[in-house]
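See structure below.
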Amino acid sequence: MRTIHYISQESIDLETISAILEEDKALELADSSIKKIQACRDYLNEKLKNQDSPIYGINTGFGSLYNVKISKENLTKLQENLVMSHACGTGELVPKAIIKLMLLLKVQSLSYGHSGVQLETAQRLMDFYNNDILPVVYTQGSLGASGDLAPLAHLALPLIGKGEVYFEGAIHTTESILKKFNWKPITLQSKEGLALLNGTQFMSAYGIHLLMKAYKLSYLADLIGSISLEAFDGRIEPFNELVHLVRPHKGQLKTAERINEFLEGSELIAQDKVHVQDPYSFRCMPQVHGASKDTLDFVRKTFITEINSVTDNPNIFTEEDLIISGGNFHGQPLALALDYLKIAMAELGNISERRVFQLVSGLRSLPTFLVNNPGLNSGFMIPQYTAASIVSANKQLSSPASIDSIVSSNGQEDHVSMGANAATQAFTLIHNVERILAIELFNASQALHFRQPLKSSAFIESVLKAYREAVSFVSNDRELHVDIKNSVAFISNLQIDFNEIYS
């Protein structure tokens with residue numbers, strides 16, 4: 001029987017979301033959330049009975065049309081028009097995993113009872129989630145300021161029977177899927193369209209999805225870097241805890257601790273060394289990888305705060321009898337965090353490629369380009385080119401999106417975060433880092449072969465044994481594209497305990 005996650009007033013975190021996704025839990029509203037949603041809607045209905053003065057977004061136009069009063073009989077049409085007119089997304093399709101997170105995070109935000117939606121609106125969003133009916137959403141269109149307007153409009157279109165959805169591996173018209181499930185389109189009430197479109201769930205869903213991937217890649221950077229250190233006949237002394245206790249950055253300490261654990265029992269690391277020092281890309285892994293870890297912790301804090309918040313506008317406070325137009329939809333905190341995430345992850349790729357360069361350079365008794373008969377065989381010459389190309393692309397993607405702004409809505413929305421651009425850039429960049437690390441593992445596993453008969457640690461040997469089932473040793477030149485592809489798949493599919501990744 002399918003387990004259930006109850007959306008309540010309790011905060012959710014990465015562990016909660018990971019469990020929801022991995023265990024394919026269904027969503028339901030807790031009683032506390034049902035009461036808050038209903039109380040807020042009842043309050044708004046009562047307020048509008050005797051309300052003639054304008055309330056932004058409820059009985060007025062939107063953006064620079066805020067001063068246009070809308071009659072009571074047109075309030076539903078106003079909200080439907082808002083959803084349809086704002087569905088202006090274009091570009092590539094948002095990955096389905098992120099759309100599913102958008103649904104979850106939108107319901108979470110609405111559940112706090114400050115948005116004025118109908119209970120059936122929140123329920124229909126959960127129906128979509130629980131039945132894997134995922135609205136088709138596009139990557140381009142959001143300025144990350146008045147909420148993620150365009151992508152959230154596409155997320156909301158199926159509620160009113162419009163747009164397209166993914167279902168059972170294909171794209172369908174929403175109308176056909178509603179008929180299949182015998183559902184009627186939702187009749188949006190006052191404020192609902194704005195509640196659905198205002199919000200940061202596009203940026204937030206990207207951020208949460210990428211954080212979970214980034215933490216895993218951070219762990220893998222330590223592991224693969226340790227394998228490279230072994231292959232390069234590196235020294236263990238730079239990872240001594242004493243070095244890091246006198247500069248006790250949390251991430252630095254954690255990286256050194258992990259590398260020591262990975263190398264415990266290794267014959268290679270314990271053998272006498274001819275060289276006194278290693279290059280920075282090996283010796284400074286705690287300092288470089290660790291700084292990225294500390295950045296991940298900052299980004300994590302920002303996004304966990306965001307996904308447990310109310311981010312639409314105006315905000316309704318039933319107990320205080322207030323409806324306040326503010327700016328919680330502005331994505332600046334997320335834009336800055338996503339830009340910081342980009343820089344931190346790009347550096348993991350940057351230092352990884354430098355280790356690849358060292359491994360193929362014919363140093364420390366390793367054959368040039370890690371292959372027998374170099375000259376006849378080019379060996380691992382060009383995988384380093386590929387890694388270098390990706391690293392350079394990541395430097396370009398790391399340029400901060402958040403330092404840009406552009407005036408919109410006739411000057412009413414005169415500063416925007418560009419956090420949505422930061423989110424889609426981060427998606428490309430972090431997947432690029434995965435490819436760089438896969439190339440490093442490909443090189444390191446090859447180089448380690450030439451250290452036989454000495455063995456690495458039992459843990460690393462077990463990892464390499466599994467890896468060799470996906471990517472075999474390269475004796476002579478072959479199509480290395482296939483090996484890189486298989487190496488990417490190996491680390492992408494590698495299952496690692498939650499506590500190992502996030503601790």
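Throughout, residue positions are numbered sequentially from 1 according to the sequence presented.
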Derivation and outcome, side chain to side chain donor-acceptor pair (under 3.5 Å), residues Gln38 and Asp42:
CA-CA 6 Å; Gln38 192 62 61; Asp42 291 345; 3.0 Å; yes

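Both the sub-6.0 Å distance and the 45° axial angle are not jointly satisfied by Arg300 relative to the ring of Tyr502.
Screening residues 11-30 for ring-ring contact (aromatic ring centres under 6.0 Å, His included) gives no qualifying pairs among residues at least two apart or on separate chains. The list of side chain to side chain donor-acceptor pair (under 3.5 Å) pairs with a residue in residues 88-100, not counting sequence neighbours, reads Lys100-Asp132.
For Tyr166, there are no ring pair (Phe, Tyr, Trp, His ring centres under 6.0 Å) partners at least two apart in sequence or on another chain.
No hydrogens or angles considered: nothing links the side chains of Ser309 and Tyr112 as a donor-acceptor pair under 3.5 Å. Side chain to side chain, Gln9 and Ser33 meet the donor-acceptor criterion of an N or O pair below 3.5 Å. For the 3.5 Å distance criterion, the side chains of Glu440 and Ser352 qualify, holding a donor opposite an acceptor. Between Glu257 and Asn260, the side chains place no donor N or O within less than 3.5 Å of an acceptor N or O (distance only, hydrogens not considered). With hydrogens and angles left out, the side-chain atoms of Ser190 and Arg41 include a donor and acceptor closer than 3.5 Å.
No side-chain donor-acceptor contact under 3.5 Å links Thr174 to the backbone of Gly161. Side-chain atoms of Glu192 come within 3.5 Å of backbone atoms of Gln189 as a donor-acceptor pair (strictly under, hydrogens ignored).
If you look at Tyr215 and Tyr219, their ring centroids are not closer than 6.0 Å. Ring centroids of Phe128 and Phe181 are separated by 6.0 Å or more, keeping the two rings apart.
A salt bridge links Lys49 with Glu46: at least one charged nitrogen is closer than 4.0 Å to a carboxylate oxygen. Of the charged side-chain nitrogens involved, none lies within less than 4.0 Å of a carboxylate oxygen, so that Lys254 and Asp297 do not count as a salt-bridged pair.
Ring orientation note: the planes of Phe427 and His209 are close to parallel, at an angle under 30° on the 30°/60° scale.
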